[in-house]
Amino acid sequence: MKPERLDKLLASQGGETPLSRRDAKALIARGRVTVDGVRAKSAEQKIDPETASVAIDGVPLTLKTHVYLLLHKPKGYVSSTDAGDGPTVLELVPPTLFRRGLFPAGRLDKDTTGLMLLTDDGQFAHRILAPKRHVKKRYFVTLDVPPTEEMAKRFAKGVELSDGVCKPASLSIVGQNTALVTLTEGRYHQIKRMFAACGAAVVGLHRVAIGNLNLPDDLPEGAVREATDAELAALCESAAQDPTQDK
Ligand code: URA
C-alpha cells in the first residue's frame, strides 16, 4: 500500500469517534500525534500504515491498511473507475472515505440499483468475486410480464446464452411482475439475458444481497459508509463456503 498523508490517514480510520481532516490537523499541530515514537511535525508527512506506529496522546492506533465501503448504488452511475460512460460510483464516495486505489468489487449495470462493495484491497475483492467461490448474489427483479414456474425451471437447469450455459440459478416469484433471482456467477448483463432467453424483459433490477450480507436498512440510495466488522465477516464467510454445499 502506498504511503498516505498523515492527516488523511488519521481521518480515514473511521471507528466510533471518527476524526475529520480538520480534527487530525489540529491534533498534529498541538503535538499530540507521534509517528514511530517521534512527535509528528506536519500533517503532510507521508506514512506507510503497514509499517508505521502512530499514536495519539501516547495511545497506539491500529492503522487500517485497507478500506471496505458499502454503497447503495443509484441508477445512472457506472461501476468503473473510468468516467468514459457517465459518472462513476466513485463519485458517490465522500472525501473522508476516499482512498487512492479504490475500485468497485464487481459490476452492476448503469441502470441497476442496490448493494455494491468498494475497496482498495485487491485480494479481498478477488475472494468475493472469484467464480470458484460461488458467492451468491441476490436480485429483486421487475419484469414486463409475470414470471412463471417454467422460467424458474429453466433457471434451475441453467439457461443457455450465446456465451454458454449458465450455472443453475434460483428464481422465486414474489409478486405479479416481480421475482427474486440468485446467481453464483456474474456474466455481462446476465439476468437481463437470462430473462430475454425466456421471452421477458427486465424493467427493474436491484441487488439485495452479496453472499450473507444484505443491503443494510440504514443505507439509503446513493449513500456510502464503511462496512462494519460484522458485515465484512459475513462477506468472508460467504466466500469461505464449500461450493459443493451451494444449493
Ligand atoms: N445482471 C444484469 O443483467 N445486470 C446487472 O447489473 C446484474 C446482473
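We count ligands from 1, going down the list as the structure has it; atoms in each ligand are counted the same way. Scope of the values below: all heavy atoms of this structure, side chains included, with no hydrogens, waters or symmetry mates. Nothing fancy with the numbering, it's 1 onward along the sequence.
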Would you please write out the protein residues whose heavy atoms approach any atom of ligand 1 to under 4.0 angstrom, listed by chain and number? Leu108, Asp109, Thr112, Tyr139, His189, Gln190, Ile191, Lys192, Leu205

Are the side chain of Asp7 and the backbone of Arg21 linked by a donor-acceptor contact shorter than 3.5 Å? no

Can you confirm whether more than 12 heavy atoms, excluding those of Arg107, are under 6.0 Å from its CZ atom? no

May I ask you to test the Leu118-Val93 pair for a side-chain heavy-atom distance under 4.5 Å? yes

Strictly by side chain to side chain donor-acceptor pair (under 3.5 Å), give each pair with a member in residues 70-85 just once, sequence neighbours left out. none

Under 3.5 Å donor-acceptor pairs involving side-chain atoms of residues 164-179, not counting sequence neighbours:
from, atom 1, to, atom 2, distance (Å)
Asn177, ND2, Leu143, O, 2.9
Thr178, OG1, Gly175, N, 3.2

Residue list, salt bridge (Lys or Arg N to Asp or Glu O under 4.0 Å) with Asp218, at least two apart or on another chain: Arg225

